Amino acid sequence: MVRARSEERRADILRAALEVIAERGYRGATLGSVAERVGLTQQGLLHYFPTKEALLVAVLEERDRWDTSGGRDREGWRLDLLESLVEYNAMRPGIVQTFSALLGESVTDGHPAREFFTERYALVRTNMAQVLRLEFGDRLPSGLSPERAAPLLTAVMDGLQYQWLLDPAAVDMPAAFRDFLRLLHGGEAGPHGGGAGNQEPGHRG
């Protein structure tokens, strides 16, 4: 019973953190603001999450579970579903900002989010290779294997987020990702409509 209440409280805190992030962004999501949202003192919140970084990593883990319908594994996903995920991310800048800010900080030794991102990227590269193999078989039109192309696909998805966060008026993240999918297909629109259609390269309608 006590454990169930504790898990329920943790879930309440994560929901509150997501709300605060959506409203105020990464910097505005303080422990105090989240604690107030769930009726706790900041000290009470620290009982569940000892640091802001620990709370935000838990938020990102929860986001990954939601994005993959209950798990971090994207087995069975297709490229067009990744396109939909990019479009969805463009509607939630607060959580994308949190992911990107923590990712940038996590490259330093001893950062509390480093283990999360290291493990996450290992899993994501494996999953992206599966997505590419499902789409292209053992070789992409470029001749690369899915395993060789997987880090590139991952880098494009996360790199576009940084550019979009810095200058959303100049970088249309979903359209740029569709352009990249067209490159993966050798310049042709993908079978799921993942290409950039009849737009000229670089044009954003």
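We're numbering straight along the sequence, starting at 1. Atom set for the values below is all heavy atoms of this structure, side chains included, hydrogens, waters and symmetry mates excluded. All values reported here derive from a predicted model rather than from experimental measurement.
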Straight-line distance of Leu183 CG to Leu140 CG, nearest 0.5 Å: 11.5 Å

Show, in sequence, the C-alpha distance, side-chain angles and deciding distance for Arg114 and Glu105, and conclude whether the salt bridge (Lys or Arg N to Asp or Glu O under 4.0 Å) test is met. CA-CA 8 Å; Arg114 186 177 182 118; Glu105 294 173 359; over 6 Å; no

Thr98 versus Val59: any side-chain heavy-atom pair under 4.5 Å? no

Would you name the heavy atoms of Phe177 and Leu160 that are closest together and state the gap between them? N-CD1, 3.8 Å

Gln163 side, atom CD; Leu166 side, atom CG - distance, nearest 0.5 Å: 8.0 Å

Please determine whether side chain to side chain contact (heavy atoms under 4.5 Å, CB included) holds for the pair Leu82 and Leu153, giving the CA-CA distance in whole Å, both sets of side-chain angles, and the decisive distance to 0.1 Å. CA-CA 10 Å; Leu82 294 182; Leu153 174 56; 3.9 Å; yes

Are Asn127 and Val131 packed together at the side-chain level, in the sense that at least one heavy-atom pair is separated by less than 4.5 angstrom? no

Mind checking whether Tyr88 and Val96 have side chains closer than 4.5 Å, heavy atoms only? no

Check the pair Arg182, Asp179 against salt bridge (Lys or Arg N to Asp or Glu O under 4.0 Å), reporting the backbone distance first and the verdict last. CA-CA 5 Å; Arg182 190 173 184 178; Asp179 288 341; 5.8 Å; no

Quick one: are the ring centres of Phe99 and Phe117 less than 6.0 Å apart? yes

Is the backbone of Tyr26 close enough, under 3.5 Å, to the side chain of Gln97 for a donor and an acceptor to pair up by distance? yes

So, Glu19 and Arg37, do they make that salt bridge, N to O below 4.0 Å? yes

What verdict does the side chain to side chain contact (heavy atoms under 4.5 Å, CB included) test give for Leu79 and Leu134, after you've listed the backbone C-alpha separation in whole Å, the side-chain angles of each residue and the deciding distance to 0.1 Å? CA-CA 9 Å; Leu79 280 179; Leu134 182 64; over 6 Å; no

To the nearest 0.5 Å, what is the distance between CD on Gln42 and NZ on Lys52? 10.5 Å

A side-chain contact here means heavy atoms from C-beta on lying under 4.5 Å apart; do Leu181 and Asp80 qualify? no

Check Gly28 against Ser33 and note the closest heavy-atom contact, atom names and distance. O-OG, 3.5 Å

Look at atom CZ of Arg148 and say whether more than 12 heavy atoms of other residues, nucleotides or ligands are closer to it than 6.0 Å. no

Measure across Tyr48 and Arg10 and return the closest heavy-atom pair with its distance rounded to 0.1 Å. O-NH1, 3.3 Å

Listed partners of Leu152 passing side-chain contact (heavy atoms from CB on, under 4.5 Å), at least two apart: Leu144

What about Val107 and Phe116, same hydrophobic cluster or not, with Ile/Leu/Val/Met/Phe/Trp/Tyr joined at side-chain heavy-atom distances under 4.5 Å? no

Parallel, tilted or perpendicular: ring planes of Phe136 versus His185, cut at 30 and 60 degrees: tilted

Check this for me: Glu62, atom CD, are more than 12 non-hydrogen atoms of other residues, nucleotides or ligands nearer than 6.0 Å? yes

For the pair Thr108 (side chain) and His111 (backbone), establish whether a donor and an acceptor sit closer than 3.5 Å, ignoring hydrogens and angles. no

Between CG on residue Leu132 and CG on residue Asp138, distance to nearest 0.5 Å: 12.0 Å

Kindly give the heavy-atom pair with the smallest separation between Ile13 and Val34, and that separation in Å. O-CG1, 3.9 Å

To the nearest 0.5 Å, atom CE of Met173 lies from atom CD of Gln161 at 5.5 Å

So, for Ala150 and Arg125, which heavy atoms are closest and what is the spacing to 0.1 Å? CB-O, 3.4 Å

For Glu115, look at atom CD and say whether over 12 heavy atoms of other residues, nucleotides or ligands are found less than 6.0 Å away. no

Nearest heavy-atom neighbours spanning Val57 and Leu102: N-CD1, 4.2 Å

State, with a plain yes or no, whether a side-chain heavy atom of Leu40 is found less than 4.5 Å away from one of Arg9. yes

Do Ser145 and Arg139 have side chains that get closer than 4.5 Å, going by heavy atoms? yes

Quick one: does Leu103's side chain get under 4.5 Å of Tyr121's, heavy atoms only? yes

To the nearest 0.5 Å, atom CE of Met128 lies from atom CG of Leu123 at 8.5 Å

Within-4.5 Å side-chain heavy-atom neighbours: Thr126 and Gln130: yes

Does the side chain to side chain contact (heavy atoms under 4.5 Å, CB included) test come out yes or no for Leu46 and Thr41, once each step is laid out? CA-CA 9 Å; Leu46 292 175; Thr41 64; over 6 Å; no

